[in-house]
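Everything quoted here is computed from the prediction, not taken from an experiment. When a ligand or atom number is given, it counts from 1 through the structure's own listing order. For reference, positions follow the sequence shown, starting with 1.
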Amino acid sequence: MLDYGGINVEKLIITGPTPLKGEVNISGAKNAAVAILPATLLINGFCRIENLPNISDVKLYCQILELLGAKVTWHTPNDITVDTTNINNKADIYEITRKFRASYYLIGALLGRCGEVQVGLPGGCNLGARPIDLHIKGFEALGATTSIIQGNIKAVANKLVGTSIYLDIASVGATINIMLASVLAEGTTIIDNAAKEPHIVDVANFLNTMGADIRGAGTDVIKIHGVKELKGNSSYSIVPDQIEAGTFMLAAIATRGDIVIKNCITKHLESVTAKIIEIGGNVDANGDKLRVWYDKRPSKATIKTLPYPGFPTDLQPQMGVVLSTADGTSIINEGIWESRFQYTNELNKMGARITAQGKSAFFEGVDFLVGAPVYVTDLRAGAALIIAGISAEGVTEVYNLEHIDRGYENIEEKFRKIGANIKRVVE
Ligand code: UD1
């Protein structure tokens, strides 16, 4: 039993190996939800959000909205109404906003709605340096002044005026944040070299449903024609989670299983589908369902993570588990984050042979993984270690579950329903 000074420690106990079999339902997208919730602050009225994932990042965001004066009504754990008629942008949200990365969207949203905002500099998964210089460049181009004060970032604008903004890097966060800041700005904002991830389209669709005029989301040029007000008074259903669906696709291959993934947008998963087929696996797309299956050892592969529509960095660790037992030596080049191979140390404890050097890792495929105690270092690493535990011989104990709970709804229940021997216990 671990002694953390009286604090209860939760862990997952997984006994494997189990080939996963059955059907799994995909929840709403975490990365869309954590942008749409702050986007509600732009509405002078209320809106209903459906298909909201029941995860800790969403609950935290709802708490922040309430601190800011919004009224959040829960109809079910996946369906809320947010009334943002009265907003107090001076509320003390400094500490709470430091807890996660996506709090940066409050800057764009509150700047757009109130012309002034101060939040804690964003925290979140430790994947290396995570600057927000491109966000700031965008706000300043729109007419805001920004400053850093005692670990907080402050942005102020008398008036935001649309302009052309070129992003040096196709940043997901900067694209969405500039979109949020410019929805109510005067004139037209053009974001060039915008990121194209599915949740960017989802945020634009949400804002347009509430009365905004955004065109081109999903391409690399987004045009936002400023409107006077977002009236809201509508409901919106969040897009299915591309990364959760990809996690289950890779779990099917890693465990030599056969899974039907329901309620997903198969187009969002084309890069993953292509790689699974390349290493020998089978994928059958049918409407909003994907069947993924393979009962043999996959072949080796070379993968580079890239912005959408490339192979997502958020599925890199899960793919790393698949390649740990592939036939031959595989290479993953991480194209987005500096330090996204921390999970490989944990997989090596389970018998994997992975050498990580900077932004590349070499996976010398072994016959099988063996259960061990492992520690989650970030959200997607957590999903990867669960998959590893299900595919490994013997018992795996997974610690630091708070990372996983940030972004996956009922993860162990979903895995249990498709056959995994997995339980959460308190030590
Ligand atoms: C979002 C996702 C995250 C995913 C990532 C890449 C959310 C809440 N998180 O993170 O899960 O891994 O996209 O798909 O949606 N950069 C700068 N300056 C900036 C902004 C970014 O240099 O101002 C760099 C980053 O260091 C990184 C790259 O641009 O190397 C991409 O980052 P970005 O797309 O902004 O990621 P996030 O929005 O933080």
| Against heavy atoms of G173, which atoms of ligand 1 measure under 4.0 Å? | 35 (O), 38 (O)
| task | Give a yes or no answer on whether the side chain of T255 reaches the backbone of S391 with a donor-acceptor pair at less than 3.5 Å. | result | no
| query | Could you give the distance from CE (M179) to CG (L207), rounded to the nearest 0.5 Å? | reply | 6.0 Å
| query | Is the closest heavy-atom distance from A195 to ligand 1 below 4.0 Å? | reply | no
| field | Contact (N/O only, under 3.5 Å) between A170 and ligand 1 | value | no
| note | A student checking ligand 1 against I132 at a 4.0 Å heavy-atom cut-off should list atoms 19 (C), 23 (O)
| request: Go through the steps to decide whether M210 and K231 satisfy the test side-chain contact (heavy atoms from CB on, under 4.5 Å), and finish with yes or no. | output: CA-CA 6 Å; M210 300 302 147; K231 286 209 162 59; over 6 Å; no
| said: Under 3.5 Å between any N/O of T313 and any N/O of ligand 1: does that happen in this structure? | reply: no
| H199 to ligand 1, any heavy atom closer than 4.0 Å | yes
| Option with minimal heavy-atom separation from atom 13 (O) of ligand 1, where the choices are I136, V172, V34 | V172
| Can you check side-chain contact (heavy atoms from CB on, under 4.5 Å) on E50 and Y236, steps first, answer last? | CA-CA 6 Å; E50 293 159 3; Y236 189 80; over 6 Å; no
| note | Going by the 4.0 angstrom heavy-atom rule, the piece of Y104 near ligand 1 is side chain
| task | Please identify which atoms of ligand 1 are closer than 4.0 Å to at least one heavy atom of N31. | result | 2 (C), 7 (C), 8 (C), 9 (N), 11 (O), 15 (O)
| task | Consider every N or O of A102 and every N or O of ligand 1, then say whether any pair is closer than 3.5 Å. | result | no
| Per-residue contact class, H135 against ligand 1 - non-hydrogen pairs under 4.0 Å | both
| field | Subset of ligand 1 atoms that lie under 4.0 Å from at least one heavy atom of R101 | value | 39 (O)
| field | Heavy-atom nearest option to atom 11 (O) of ligand 1, drawn from L379, D314, L315 | value | D314
| query | Roughly how far apart are T175 OG1 and H199 NE2, rounded to 0.5 Å? | reply | 9.5 Å
| request: Measure the acute angle between the ring planes of F341 and Y343, then classify it against the limits of 30° and 60° as parallel, tilted or perpendicular. | output: tilted
| query | Below 4.0 Å from any atom of ligand 1, is there a heavy atom belonging to E334? | reply | no
| query | Is there a side-chain contact between I386 and L12 (heavy atoms, below 4.5 Å)? | reply | yes
| Euclidean distance, R291 CZ relative to I261 CD1, rounded to 0.5 Å | 11.5 Å
| field | Part of L134 within contact of ligand 1 (heavy atoms, under 4.0 Å) | value | both
| field | Spacing of Y408 atom OH and S27 atom OG [to the nearest 0.5 Å] | value | 11.0 Å
| query | Can you list the ligand 1 atoms lying under 4.0 Å from a non-hydrogen atom of R340? | reply | 12 (O)
| task | Look at the rings of H135 and Y104 and say which category their plane angle falls in: under 30° parallel, 30 to 60° tilted, over 60° perpendicular. | result | tilted
| Rounded to the nearest 0.5 Å, how far apart are CG of D241 and NE2 of H268? | 11.0 Å
| task | Pick one of side chain, backbone, both or neither for how I243 approaches ligand 1, counting any non-hydrogen atom pair under 4.0 Å. | result | neither
| Salt bridge present between E244 and K414 (N-O < 4.0 angstrom) | yes
| Any Y308 heavy atom less than 4.0 Å from ligand 1 | no
| request: Could you say whether the N/O atoms of D133 and ligand 1 ever approach to under 3.5 Å? | output: yes
